[in-house]
Trainee: 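Have a look at the structure that comes next, please.
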Amino acid sequence: KKLKAVIYGAGNIGRGFIAQLLYKSGYETVFLDIDSNTIDRINKDKSYPICIVSDDGIEKTYVKNVRAVNSNDTESAVKEIYSADIMATSVGAGVLKYIAQTVAMAIEKRIKDNLLPLNIMLCENLNYADKIFKQLLFKYLSEDAIKVFDKNVGLIEASIGRMVPVFEKSGAENPLTVYVEPFDILHLDKDGFVGEIPQIKNVVTYSPFKYFMQRKLFIHNMCHAFCAYLGAVKGYNYISEAISDSDIKYLVSMAGTSAAQAITLDNKEDLVLLLHFLYKLLYRFNNRNLKDTVARVGKDPLRKLNADDRLIGAYKLCKKHGVNTVYIIISIAAALHFKDIKDSKWQQIQSELESRGISYTLYTICGSVIEQNDIKLIIEYYNLIKCGDFKKVINLSEKILGESIKNY
């Protein structure tokens, strides 16, 4: 039997990561999307190029055996999902609510016709994506379908580790070309699957999956954002430039080490393995040819300062396990400096910060999760970063860390 996968979303992650693994595993991949130019080009070429970018240069490969359907044509979209062997979403967390009805219609039909279970890989940068999407689907499913949902549908959280930046293309280049880093391991929640787990190349399943979600959010995403925020202060355009700065590399690696300690304690995992992951990550940030920008990685700071997101979430996990938070605190102070001219909400927040202060601003963004003594420290670091004096930032952090070790 010819295997068929459906990916909802033909963006950079869908094309540049998920579809590549499915193609290597022998699947025909059908993209559901609303961009008519993308759909037409996929259907015309039946393939598209992926450029794997490293410091050694660019290696071009092709993803083949693909086609696309306009998801605005609900009947056609439902038909494709109905006959899929596996499915993935890669639409962005905020778009899940718009695709839920179409997916629910296909699920309803599959359950009625007693088809094999449908496993849906949720390739979104979203904690608890499985629970969130389940709630969205239940709004459109019948009571009978809801009763047997867990036996018929697997909702699988994914940890998307591959970096896929927005790359400027020349006019003559295929517009579907995706530029990616070499890293291509996809981590999936083993417990999310219903029935047999499909054999997909470079997929690693793990249980309990909380460990991988924390690793992605509180080491990868936190360090990436922290690097961008410090890089912006120093005027760097690219992440590779920022991480090559010895001051920035030191601060980011120390924040990552704190997060690794907290994750280790929270999951009773091996700290050395997490540190290996961190050091390899810093090495990956240094990929100059990837041209990943500080502006892209740093954007949407309001979301990244959310109480459960990468910066404050890492802070909370460290507090929970008694791990020193000084370097995570610096990341929060650095985030408050980030300028995003396209983000009017963030500009308003920064305007209020100047008039009403950091304590008020942080309470507005993430509530009362940051301790008062730490808010004072954030203010102190904010002022040092404002002056661009990273040596003083490092000296203060070393002094605080020294005191905590002495007290301990």
Side-chain angles (χ1 to χ4, degrees), residues 218-219 221-236 241-266 271-272 274-275 278-279 281-282 285 294 298 301 304-305 307 310-338 353-354 357-363 365-366 368-408:
F218 301 144
I219 296 181
N221 292 141
M222 184 273 291
C223 287
H224 215 189
F226 190 13
C227 185
Y229 297 142
L230 292 175
V233 172
K234 283 211 174 185
Y236 294 122
E241 293 173 326
I243 204 64
S244 298
D245 182 301
S246 58
D247 292 340
I248 293 176
K249 187 171 184 178
Y250 175 76
L251 290 166
V252 171
S253 62
M254 290 301 281
T257 301
S258 299
Q261 284 179 284
I263 294 167
T264 296
L265 293 166
D266 206 52
L271 177 60
V272 173
L274 270 183
L275 292 176
L278 170 64
Y279 301 147
L281 184 71
L282 299 177
F285 287 174
V294 163
K304 288 165 185 171
L305 283 164
R310 60 213 69 191
L311 304 177
I312 311 294
Y315 167 86
K316 283 162 60 181
L317 194 67
C318 287
K319 283 290 178 186
K320 177 183 173 183
H321 293 286
V323 175
N324 195 289
T325 55
V326 63
Y327 295 100
I328 311 288
I329 281 168
I330 299 167
S331 77
I332 296 165
L336 293 172
H337 275 287
F338 189 70
L353 187 150
E354 292 300 321
I358 284 173
S359 184
Y360 172 83
T361 300
L362 286 172
Y363 182 79
I365 297 170
C366 58
S368 55
V369 296
I370 303 176
E371 294 175 9
Q372 281 303 312
N373 284 340
D374 290 337
I375 286 177
K376 288 176 188 171
L377 205 50
I378 289 169
I379 293 166
E380 194 169 352
Y381 278 120
Y382 178 87
N383 290 325
L384 287 175
I385 291 167
K386 192 175 190 176
C387 300
D389 198 337
F390 283 24
K391 290 286 186 281
K392 282 186 179 175
V393 169
I394 291 168
N395 289 340
L396 178 59
S397 65
E398 290 298 310
K399 184 183 174 187
I400 292 165
L401 202 62
E403 285 297 319
S404 71
I405 291 167
K406 193 165 66 180
N407 292 337
Y408 183 80

Trainee: Run the numbers on I312 and I365 for side-chain contact (heavy atoms from CB on, under 4.5 Å), then give the verdict.
Mentor: CA-CA 10 Å; I312 311 294; I365 297 170; over 6 Å; no
Trainee: Indicate the atoms forming the closest heavy-atom contact of V294 with A228, along with that distance.
Mentor: CG1-O, 3.2 Å
Trainee: Could you state the interatomic distance from CD1 (I358) to OH (Y382), rounded to the nearest 0.5 Å?
Mentor: 5.5 Å
Trainee: State whether the side chain of Y381 and the backbone N or O of S397 hold a donor-acceptor pair below 3.5 Å, judged by distance alone.
Mentor: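 Yes, because the side chain of Y381 sits within donor-acceptor range (under 3.5 Å) of the backbone of S397.
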Trainee: Quick one: NZ on K392 to NZ on K399, what's the gap to the nearest 0.5 Å?
Mentor: 12.5 Å
Trainee: Distance-only, no hydrogens or angles: does the H337 side chain make a donor-acceptor pair with backbone N or O of Y229 under 3.5 Å?
Mentor: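 No; zero donor-acceptor contacts below 3.5 Å.
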Trainee: Which heavy-atom pair separates C223 from G256 by the least distance, and what is that distance?
Mentor: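 Of all heavy-atom pairs spanning C223 and G256, the closest is SG-CA, 3.6 Å.
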Trainee: Establish, yes or no, whether a centroid distance under 6.0 Å links the rings of F285 and H224.
Mentor: yes
Trainee: What's the shortest heavy-atom distance between R310 and A225, and which atoms?
Mentor: CD-CB, 4.1 Å
Trainee: Check whether any side-chain heavy atom of L336 sits under 4.5 Å from a side-chain heavy atom of I385, and report yes or no.
Mentor: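 No - every pair of side-chain heavy atoms lies 4.5 Å or more apart.
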Trainee: Any chance NZ of K316 has more than 12 other-residue heavy atoms, nucleotides or ligands included, within less than 6.0 Å?
Mentor: yes
Trainee: From the options I332, I328, L251, select the one residue that forms a side chain to side chain contact (heavy atoms under 4.5 Å, CB included) with F226.
Mentor: L251
Trainee: Mind listing the closest non-hydrogen atom pair of A335 and L311 along with its distance?
Mentor: CB-CD1, 3.7 Å
Trainee: Report yes if the side chains of C366 and L305 come closer than 4.5 Å at any heavy-atom pair, otherwise no.
Mentor: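 Not touching, per the 4.5 Å side-chain cut-off.
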Trainee: With rounding to the nearest 0.5 angstrom, report the CG to CG distance, D389 to N383.
Mentor: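 Result: 12.0 Å between the selected atoms.
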Trainee: In Å and rounded to the nearest 0.5 Å, what is the CG to CG distance from D266 to L317?
Mentor: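 One gets 4.5 Å once the value is rounded to the nearest 0.5 Å.
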Trainee: Which heavy atom of L282 sits nearest a heavy atom of S253, and at what distance?
Mentor: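 Between these two residues, the closest heavy atoms are CD1-CB, 3.6 Å.
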Trainee: Would the number of heavy atoms belonging to other residues, nucleotides or ligands and lying under 6.0 Å from OH of Y363 be above 12?
Mentor: no
Trainee: Show your working on side-chain contact (heavy atoms from CB on, under 4.5 Å) between Y315 and E371 and close with a plain yes or no.
Mentor: CA-CA 10 Å; Y315 167 86; E371 294 175 9; 3.8 Å; yes
Trainee: At what distance, to the nearest 0.5 angstrom, does NZ of K249 lie from SG of C227?
Mentor: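 Answer rounded to 0.5 Å: 10.5 Å.
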Trainee: Provide the closest heavy-atom pair for A314 versus M222 in the form atom of the first, atom of the second, distance.
Mentor: CB-CG, 4.4 Å
Trainee: Quick check for you: to the nearest 0.5 Å, what is the distance between I243 atom CD1 and Y236 atom OH?
Mentor: 11.0 Å
Trainee: Which residues pass the salt bridge (Lys or Arg N to Asp or Glu O under 4.0 Å) test with D245, not counting sequence neighbours?
Mentor: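 Checked D245 against salt bridge (Lys or Arg N to Asp or Glu O under 4.0 Å); matches are K234.
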Trainee: Please check if atom NZ in K319 has more than 12 non-hydrogen atoms from other residues, nucleotides or ligands closer than 6.0 Å.
Mentor: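 Yes, enclosed.
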Trainee: Only one of N324, I330, I329 passes side chain to side chain contact (heavy atoms under 4.5 Å, CB included) with Y327; say which it is.
Mentor: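 The single option meeting the side chain to side chain contact (heavy atoms under 4.5 Å, CB included) with Y327 is I330.
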